[in-house]
Number of protein chains: 2
Amino acid sequence: MDDLRAVPPSLTGLTTYLLSRTGKIARGRLAGRFAERGLRLWHHAVLAALADFGPHVQRDLAARLAIDPSDMAKIVDELAGAGAGAGTGAGAGTGAGVRAGTETGTETEAGYVERARDTADRRRITVTLTAAGRALLAELDADAEAVQDEILDSLTDDEREHLNALLRKVFTHLDN
Amino acid sequence: MDDLRAVPPSLTGLTTYLLSRTGKIARGRLAGRFAERGLRLWHHAVLAALADFGPHVQRDLAARLAIDPSDMAKIVDELAGAGAGAGTGAGAGTGAGVRAGTETGTETEAGYVERARDTADRRRITVTLTAAGRALLAELDADAEAVQDEILDSLTDDEREHLNALLRKVFTHLDN
DNA sequence: ACCTATCATGGGTGCGCACCCACTAATTTG
DNA sequence: CAAATTAGTGGGTGCGCACCCATGATAGGT
């Protein structure tokens, strides 16, 4: 007893704490996978938003994901242009995106997303998902499901669904 | 439709994502409350561990909470000595801890925890929860439950318990 | 007694994330 | 047409967290 590794039960009794901890673990593992591609969680969210709701004015995209417009600019920049895949494990996967451009080599034209100035209001930039982006999204979703299988390993299918339903309820209500 | 604030359903369909998101919200709100006291989440965890398992050699405490010994030293330092409450809202609460010492004012002797050198092995430092620490822990637990009520607002009591059970199952299995 | 391992601690690093501000270009308002 | 507003962008800041390394003190093994 007193395993020296056992987590304080007064903490695991708090759902807040369990949520925070397991959430962090989930986040960490997912972020780890994405990092192998030189991506972060927001990249996934952006791709998913574009896939689900179609092209967005960049500002609306930021509003939807509740992120600062300034930060969104950077994320879109990484998804559209060079830089995202320069890191460790880029291109290790099925090679969906990450087409080498005509540049000198350190630069990789990602092209997961396309930016186009709105002809009506030339201040605005409309962001559109490309085919490469769609392919990447599929891979990231696969990553997410893999992580999910890891994490929910101890649950039956029924329990998983139940958990998802409960969390969804909590989340949508929290979303306000 | 297309609420412009709606979160991509392909994300909310992923339990990983829900976990990560709600976990982050929970963490954020909790951290916010603790921050008003000049504390962080680890402080709570440390106090809880001491309450649940009694005094610890500092190194064991670090091992239990899976934290770097170096970081644990700093946390224990903050719980024991001055510095923790110097910030914004210290002393706003019921005033359990944070007794002003005999010092000049900017310094606050926290004393939530006591460090004592082990007489047998004088390298080791045994950390013990004080009465003030126990009182603080009670407040932090109350904070946690308040946040919990906020977050789980949309769930019935049955559902809350169910959620807790599921998360606990996931977490303990993940703990490995 | 000497060498090595262990503990606590201080200092520093890097990442992710959330903000914030200033600046430019373009549009809308009066 | 001038003034005010909005979109995108670049740059910078601060926090929390997880690491890692060096150092000084202490123990233990041989």
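Residue numbers start from 1 in every chain, and the chains themselves are labelled A, B, ... in the order their sequence lines are given, proteins ahead of strands. Scope of the values below: all heavy atoms of this structure, side chains included, with no hydrogens, waters or symmetry mates.
Side-chain proximity of B:Val57 to the nucleotides C:dA18, D:dA27, C:dA8 is greatest for C:dA8. Considering only side-chain atoms of A:Arg122, the nucleotide from C:dA26, C:dT9, D:dG8 that sits closest is C:dA26. With distances taken from any side-chain atom of A:Gln58 to the nucleotides D:dG8, C:dC7, C:dT9, the minimum falls on D:dG8. The B:Trp42 side chain lies nearest to D:dC17 when the options are C:dC17, D:dC17, D:dA7.
Look at B:Asp149 and B:Arg160 and you find a salt bridge, because one of the NZ, NE, NH1 or NH2 atoms lies within 4.0 Å of a carboxylate O, short of that distance. Under the 4.0 Å criterion applied to side-chain N and carboxylate O atoms, A:Arg123 and A:Asp118 are not assigned as salt-bridge partners. Electrostatic pairing of A:Arg37 and A:Asp143 counts as a salt bridge here, judged by a charged N lying under 4.0 Å from a carboxylate O. A salt bridge is absent between A:Glu139 and A:Arg33: the closest approach of a Lys/Arg side-chain nitrogen to an acidic carboxylate oxygen does not fall below 4.0 angstrom.
Both A:Thr119 and A:Asp71 lie near DNA chain C, and the one whose nearest nucleotide falls closer to the 5' end is A:Asp71. Mapping A:Asp118 and A:Arg40 onto DNA chain C by nearest heavy atom places A:Arg40 closer to the 5' end of the strand.
To the nearest angstrom, P of C:dT13 lies 17 Å from CG of B:Asp68. Taking atom NE2 of B:His43 as the reference point, atom C1' of D:dC15 lies 14 Å away to the nearest angstrom. Rounded to a whole Å, the CG atom of A:Leu41 is 14 Å from the C1' atom of C:dA18. Across the protein-nucleic acid pair, A:Asp121 atom CG and D:dT5 atom P stand 17 Å apart, rounded to whole Å. Atoms CD1 (B:Ile75) and C1' (D:dA18) sit 11 Å apart, rounded to a whole Å. As a whole-Å value, the separation of B:Lys74 NZ from C:dG11 C1' is 7 Å. Distance, B:Ile25 CD1 to C:dA18 C1': 15 Å, rounded to whole Å. Atom CD1 in B:Ile125 sits about 9 Å away from atom C1' in C:dC7, given to the nearest Å.
In this model, the phosphate group of D:dG8 is not approached by any side-chain N or O of A:Arg123 to a distance below 4.0 Å at OP1 or OP2. For A:Lys24 and D:dA18, the shortest distance from a side-chain N or O to OP1 or OP2 is below 4.0 Å. A sub-4.0 Å separation between OP1 or OP2 of C:dT27 and a side-chain N or O of A:Arg117 is absent.
A donor N or O paired with an acceptor N or O is found under 3.5 Å between the base of D:dC20 and the side-chain atoms of B:Ser70.
Using a 4.0 Å heavy-atom cutoff across all strands shown, B:Ala120 reaches sugar-phosphate atoms only and no base atom.
A side-chain donor-acceptor contact under 3.5 Å links A:Lys74 and A:Ser70.
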